[in-house]
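Here's the structure, in structure tokens; my notes come after.
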Amino acid sequence: MEMKEHHSVAPKKSNLTPKAIIHQKFGKTACYTVEAVKEVSQTECPGLCIPQTGPCLYRCTLKLPELMVVSGTFTKKKDAEQSAAEIALEKLSIIPETIDLTPQEAQESLVARIAYLFSEKFLSTDHPLGGHIRATLRRKGNHCGSIPVSVIAVSDPKIFSLCKCINPEVESNPFLVLPYIVKGATKLHEFLTTSEQHIWIKKLCPYPQDIIESLLKEGGSEECIQVKAIRIPSSMEKCVEAVTLCMSLREYYLDIIANELGLEDGANVLISRNIGKASSETRLFFAAPQSYLLDRSFISGNGKETIRFEGSLNERARYLSGQDMVGDAILACIGYTRKSRDLFYEDVTVQLMLLGKTPGGIYKLSREAILTAELPSKFTTRVNWRGSLPRDILSMFCRQHRLSEPVFSIISHPFKILTESSESSFKAADLGTDVIECANGTSVNACPKKSNSEMFKCEIKLLSRCKDVILLCSPEDCYKKQNDAIQNASLKLLSWLNTYFNSVTIPFDQLYETACNFSIHIFSKNLFGEILIGQSIQNCQIYAMQCNKILEPMCTTSSHDMSGNGVCNLKIEGPDSGVCPCNGSLPCINYSVYLVVDGENNKEVIEVCNEFEFEIGVGAVISYVEEVVMQMSVGQYAYFKTNLLTFDLIFASAGDSAKMLSLLSSKACCVEYEISLTKVAEPPEERMEQAFFSPPLSKQRVEFAVQHILESHATTLVDFGCGSGSLLEALLNYTTSLEKIAGVDISQKGLTRAAKVLNSKLDANPDAVVTSKPIKSVILYEGSITNFDSRLHGFDIGTCLEVIEHMDEDQACLFGDVALSCFRPRILIVSTPNFEYNVVLQRSKPPTQEEELDGQNLLQSCKFRNNDHKFEWTREQFIQWASDVAARHNYNVEFSGVGGSADAEPGFASQIAVFKREWSHEDDGQKHTDIENHYNVIWEWNSKSK
């Protein structure tokens, strides 16, 4: 590979932030104090009578030895701090220098940086390279103080950045940094020396003796430590094997690795970039090829620098690091960090590294639950998701496979009402759209002001390092929130990728054919094939053992037999508390997983996890774990065995892989789980209903009300218990005859949100209102719906949807009387949950025939759908209440519902009573002529004033 200097314009390096400049000038004497500021804003919703507190803002006070400054207010603390620092710089007349290096300037800065790294001042810092220098000073003979060039390249980010200014190709091939470091060192020949046969740099004049003696006293015991690492042979015919690096903390670890590779010393070892997280010290170490060492042009830095790797590439090591390397490699997690001056090290297994290259593995590692967690099949809400978000997992996957960051394109369009209730998703193909592209989490072009009626979908592009499009994922499903669109699109792409990484049998061509089912278009089959080349590497033989029968079945008769699902000997202990998980709930468990040897009493711990929380019904855990947890109640313990776990997951999770290997290769084993259920968080009512109904029940209730508005030609409507205005806002999307609408609620918080939502739609986006007649007025009242207010008397239609169950039962009955005797709407629609339907909602699977016959016991085990519900009526109770109140006040009543069917048990999920009176307003015009204003007007909108 030939490396040439590039004299094109170098990429701009961002300026130092004002805070960083203050730190350079004043250090610890600069004191920042941030305080929260509450500001009242009346601009968001004109006419709202409730004082509106804006978002929490922050103000920063910066105290310096010479002055004190105060920033303005900002929504983020860091912005307030930067503003204060900027004000201080202005007052001190300090002008920040713009850093925009040309390749020549970058070369000069590189020389200066190398000089600093070998200065006495640098030794006192907590820089990782300082640990290497201190360690090499303990070496004997000519090696004392010799620093391998590869160590400088991977330890100092500033060196890497400067080399990128010289040659942007460094980004894709980090080994190109080495010649530039050597070239820079040769320009310091009076200060530093380099080796012609080894790739190291050494200070000509030794450090002062007192400094060396002080360093030799620091840490580093003679006690031997053992670090478990992995040898990855370059020949695919040889097996990957575990090795142990034995050393004392006074030895230079790179020399130990060099010895393992058959090299003279650590200077001949090349080091890959870090693998996995950016903060990880897991790297690959391999021998620098002989031609690499003897290349005079490389050593001297004269002429054209070259990097030549001769020999067969180590494909498995290349897959892990994304860099070309030849010969055998050592995978180890060891090095110096900024956190401590001591050597950092951890054991590493190749299974764990390979697991982190797959979408499902990245999720498992984020949950620290390799043997239990699974990449969920659905993204319901941000609140319910646990572990790394789908978007973050996709970004990590791209980094692991050396791709560019994924590009997320947000497509927004006006909300389109569907006339057929059976349609569950919205399509954006035929609508005018706005596209907002996001890369690396930053908006590329300005996002238009969001309308409350907008829907969003997301397209994702995966790009190579050269910015070539590899594939495009463009699901048609639309969502009300941009984040939901991004997360669901990311999860769809991840799920498709995961099917390939999880299977050794699916050929790539077959996966390619399934792409259209996931709305995925592959632009470059060859490029995409390179991403998945590691799948064959993962499935090659890792250890010299045959694993056809790793886990032997151990199924025996049990009162809780689930052997058909791979679960045996299930035992559940402890009293039944009655608090059980249901679909959409969030159970929290403590669990331990053991490797059990058949016929022996001992068992080895593989994985332990406490306070592991997951959502039921989205595939967030291995299926048999969820099935067991669904049979438990809070406080109970479950024990069972399974033979379904694969050896790679066991090795990835196990701390002592050598012991696990010995047990698995010589004896019949199985895996045993111990689970305790500690608590269950009930699912939100809407989330529970969404899992079963499409469209959601809330939308079906709106459509039910709209139908009655259309049939009755109503012009006035009052919503009793309007809350945050979801019904009123939704009504503006439908073509109706409404001219005046009103809402009543007791919650100021809910009414404030309702006012903002309605004002935004009626004023800021009037085109979104699609009623056949223009709305003339909207008014929101604060008050209890059990109190009468004459301003709402005699409306055409009244609604009270899913409200009465939030009241005490006697208050709910009082509302019925007040509504029909005082408010007296021509039509009143009341809906409330059908308690009998909870049997369906709160189970992950339908009841058995025996359970259906014992329906009463099933019902007794059900809970209310929401913790705020004071009661929930059965169909019989609801019919009884509605019939009685209708009879008392001369109304007719009809019963219906949404979700489910009246002809099948257990009826509708949401039961509805429609009260109607047939006489006209004149028939009772004398009633309630007295003005009774018990409500406070919170917000009013009038078309005449606009």
Side-chain angles (χ1 to χ4, degrees), residues 701-722 725 727-728 730-732 734-745 771-781 783-804 812-832 878-879 881-898 910-935:
R701 285 190 289 265
V702 171
E703 291 178 341
F704 184 94
V706 169
Q707 186 63 33
H708 280 273
I709 294 170
L710 294 174
E711 292 175 354
S712 62
H713 304 289
T715 59
T716 57
L717 176 142
V718 55
D719 186 22
F720 296 104
C722 64
L727 172 63
L728 301 180
L731 288 175
L732 299 181
Y734 290 82
T735 301
T736 68
S737 53
L738 291 175
E739 297 178 10
K740 178 180 180 180
I741 59 176
V744 184
D745 204 272
T771 52
S772 58
K773 292 184 179 180
I775 294 289
K776 295 180 179 179
S777 69
V778 182
I779 189 166
L780 298 178
Y781 295 100
S784 170
I785 60 175
T786 57
N787 292 330
F788 172 66
D789 190 295
S790 58
R791 288 169 290 186
L792 296 179
H793 171 73
F795 271 52
D796 289 337
I797 194 166
T799 56
C800 184
L801 306 184
E802 308 297 290
V803 174
I804 60 173
C813 294
L814 176 59
F815 162 71
D817 287 322
V818 171
L820 299 186
S821 66
C822 300
F823 288 109
R824 300 172 64 78
R826 187 153 52 92
I827 298 173
L828 176 65
I829 302 173
V830 178
S831 77
T832 190
F878 182 61
I879 291 172
W881 167 79
S883 300
D884 289 348
V885 71
R888 284 198 297 272
H889 303 292
N890 298 319
Y891 273 76
N892 297 322
V893 61
E894 299 173 356
F895 297 96
S896 185
V898 294
S910 185
Q911 49 192 346
I912 300 176
V914 181
F915 301 88
K916 294 181 179 180
R917 63 180 176 87
E918 300 300 333
W919 55 88
S920 64
H921 287 288
E922 290 77 10
D923 294 334
D924 61 337
Q926 301 301 315
K927 294 185 179 181
H928 298 293
T929 54
D930 297 335
I931 297 176
E932 296 183 48
N933 296 343
H934 293 139
Y935 295 162

| said: Just verifying a value: how many Å separate Cys800 SG and Phe915 CZ, rounded to the nearest 0.5 Å? | reply: 10.0 Å
| said: Apply side chain to side chain contact (heavy atoms under 4.5 Å, CB included) to residues Leu731 and Ile709 and explain how you reach the verdict. | reply: CA-CA 10 Å; Leu731 288 175; Ile709 294 170; 4.0 Å; yes
| said: Determine whether Leu728 and Leu780 satisfy the following criterion, side chain to side chain contact (heavy atoms under 4.5 Å, CB included), listing intermediate values before the conclusion. | reply: CA-CA 10 Å; Leu728 301 180; Leu780 298 178; 4.0 Å; yes
| message | Could you tell me if the side chain of Lys776 sits less than 4.5 Å from the side chain of Lys740, heavy atoms only? | response | no
| said: Can you tell me how far apart SG (Cys722) and CD1 (Ile741) are? Round to the nearest 0.5 Å. | reply: 10.0 Å
| Contact summary for Ala730 and Val702, nearest pair of heavy atoms | CB-CG1, 4.0 Å
| request: Measure the spacing between CG of Leu717 and OG of Ser737 and express it to the nearest 0.5 Å. | output: 10.0 Å
| said: Which heavy atom of Ser831 sits nearest to which heavy atom of Ile912, and what is that distance? | reply: CB-CG1, 3.7 Å
| Closest heavy-atom contact between Leu710 and Thr735? | CD2-O, 3.2 Å
| task | Return yes if some donor-acceptor pair links the side-chain N/O of Glu802 with the main-chain N/O of Thr832 below 3.5 Å, else return no. | result | yes
| task | Report yes or no: does Arg917 contribute a side-chain atom to a donor-acceptor pair with the main-chain N or O of Arg824 at less than 3.5 Å? | result | yes
| query | Between Ile785 and Phe815, what is the shortest heavy-atom contact and its length? | reply | O-CD1, 3.5 Å
| query | For Val803 and Phe720, what are the C-alpha separation, side-chain angles and deciding distance, and is it a side chain to side chain contact (heavy atoms under 4.5 Å, CB included)? | reply | CA-CA 8 Å; Val803 174; Phe720 296 104; over 6 Å; no
| Do the rings of Phe823 and Tyr935 sit parallel, tilted or perpendicular, given the 30° and 60° boundaries? | parallel
| remark: Across all chains, not counting sequence neighbours, the salt bridge (Lys or Arg N to Asp or Glu O under 4.0 Å) partners of Asp884 are none
| field | Flag, side chain of Thr799 to backbone of Leu801, donor-acceptor distance under 3.5 Å | value | no
| query | Which pair of heavy atoms, one from Ala714 and one from Ile797, lies closest together, and at what distance? | reply | CB-CG2, 4.1 Å
| request: Please name the pair of heavy atoms, one in Val718 and one in Val744, separated by the smallest distance, quoted to 0.1 Å. | output: CG2-CG2, 4.2 Å
| query | Below 4.5 Å, heavy atoms only, C-beta onward: do Asn787 and Val818 meet side chain to side chain? | reply | no
| task | Quick one: do Val893 and Tyr891 satisfy side chain to side chain contact (heavy atoms under 4.5 Å, CB included)? Show the steps, please. | result | CA-CA 6 Å; Val893 61; Tyr891 273 76; over 6 Å; no
| query | To the nearest 0.5 Å, what is the distance between NE2 (His708) and OG (Ser896)? | reply | 7.0 Å
| query | So, the side chain of Asp719 versus the backbone of Gly743: is there a donor-acceptor pair under 3.5 Å, distance only? | reply | no
| Could you give all pairs that pass the salt bridge (Lys or Arg N to Asp or Glu O under 4.0 Å) test and reach residues 705-716, with sequence neighbours left out? | none
| Rounded to the nearest 0.5 Å, what separation is found between the OH atom of Tyr781 and the CG atom of Asn933? | 8.0 Å
| query | To the nearest 0.5 Å, how far apart are OG1 in Thr715 and CG in Asp796? | reply | 4.0 Å
